[in-house]
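Scroll down for the structure; my scribbles are underneath it.
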Amino acid sequence: VQLQASGGGLVQAGGSLRLSCAASTPILSNYHMGWFRQAPGKEREFVAALTWREGRTLYTDSVKGRVTISRDNAKNTVYLQMNSLKPEDTAVYYCVLRQNPNRTPLATSGAFFDFWGQGTLVTVSS
């Protein structure tokens with residue numbers, strides 16, 4: 001599976017961006033998709049994820065209320081709508097996919113995700 005992320009860019013604090021991630025193959029119902037990010041000099045961190053079938057979502061606390069993850073089943077694409085952006089949201093954002101053959105709940109550890117996209121840079125200026 002290849003994941004192609006897009007939508008990053010430079011935005012002022014308080015602005016919005018929508019990231020997109022298209023998968024190269026059909027997304028099966030047991031899959032999970034999500035986003036991680038890595039800021040300069042910091043460790044990679046979980047941002048959000050969803051279950052493909054039900055659309056259940058999970059967010060890290062720092063983005064709750066500002067970020068929405070969603071999917072388009074027909075396009076095999078997951079989105080990350082980011083509003084009220086802050087300078088601390090500046091990072092490379094990575095799209096991820098978990099095949100989840102055992103149908104376990106959403107996870108926040110990168111170790112559970114099987115495929116990673118190339119990353120898209122989001123820069124929020126103050």
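Because the structure is predicted, anything quoted here is derived from the model rather than measured. Computed over heavy atoms, backbone and side chain alike; hydrogens, waters and symmetry mates excluded. We number each residue from 1, following the sequence as shown.
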Between the CZ atom in Arg37 and the OG1 atom in Thr60, the distance rounded to the nearest 0.5 Å is 7.0 Å

Heavy-atom closest pair (Thr77 atom, Lys75 atom, distance to 0.1 Å) is OG1-O, 2.8 Å

Could you tell me if the side chain of Thr51 sits less than 4.5 Å from the side chain of Leu106, heavy atoms only? yes

Are Val122 and Val47 co-members of a hydrophobic cluster defined by side-chain heavy atoms under 4.5 Å apart? yes

Reported OG-to-OH distance for the pair Ser6 and Tyr93, which is rounded to 0.5 angstrom: 15.0 Å

If I compare all heavy atoms of Ala107 with all of Phe46, which pair ends up nearest, and what's the gap? O-CE1, 3.8 Å

Determine the minimum heavy-atom distance between Arg44 and Gly110, stating which atoms define it. NH2-CA, 4.0 Å

Determine, using the 4.5 Å side-chain heavy-atom cutoff (strictly less than), whether Tyr31 and Leu50 are members of one ILVMFWY cluster. yes

Taking the side chain as every heavy atom from C-beta outward, state whether Trp52 and Asn73 have any pair of such atoms under 4.5 Å apart. yes

Can you hop from Met82 to Ile69 via hydrophobic side chains spaced under 4.5 Å? yes

Taking the six-membered ring for Trp, are Trp116 and Phe36 parallel (under 30°), tilted (30 to 60°) or perpendicular (over 60°)? tilted

Using a 3.5 Å cut-off and no angle test, enumerate the donor-acceptor pairs between side-chain atoms of residues 12-21 and protein atoms at least two apart in sequence or in another chain.
residue : atom : partner : partner atom : Å
Ser16   : OG   : Asn83   : OD1          : 2.9

Could you check whether any side-chain N or O of Gln118 sits under 3.5 Å from a backbone N or O of Gln4, counting only pairs where one atom can act as donor and the other as acceptor? no

Could you tell me whether Gln2 atom CD has more than 12 heavy atoms of other residues or ligands within 6.0 Å of it? no

Can you find a pair of side-chain heavy atoms, one from Trp35 and one from Val78, that are under 4.5 Å apart? yes

Counting heavy atoms not belonging to Phe112, are there more than 12 under 6.0 Å from its CZ? no

In the structure I gave you, are the side-chain heavy atoms of Ile27 and Met33 within less than 4.5 Å of one another anywhere? yes

Is it true that Asp61 and Lys64 make a salt bridge, defined as a side-chain N closer than 4.0 Å to a carboxylate O? yes

Dump the intermediate steps for side-chain contact (heavy atoms from CB on, under 4.5 Å) on Arg66 and Asp89, then the final yes or no. CA-CA 11 Å; Arg66 301 187 298 119; Asp89 295 317; 2.7 Å; yes

Indicate, with yes or no, if Leu10 and Val92 share a hydrophobic cluster defined by side-chain heavy-atom contacts under 4.5 Å among Ile, Leu, Val, Met, Phe, Trp and Tyr. no

Quick one: does Pro105's side chain get under 4.5 Å of His32's, heavy atoms only? no

Got a second to check how far Leu28's CG is from Arg53's CZ, nearest 0.5 Å? 12.0 Å

Ignoring hydrogens and angles, tell me if any N or O in the side chain of Ser24 forms a donor-acceptor pair with the backbone of Val1 under 3.5 Å. no

Name the residue from Asp114, Asn30, Thr104 that meets the side chain to side chain donor-acceptor pair (under 3.5 Å) definition with Arg98. Thr104

Hydrophobic clusters here meaning ILVMFWY residues chained together by side-chain heavy-atom distances under 4.5 Å, can you tell me if Tyr59 and Leu85 are in one? yes

Give, for atom OG1 of Thr120 and atom CG of Leu80, the distance between the pair rounded to the nearest 0.5 Å. 11.0 Å

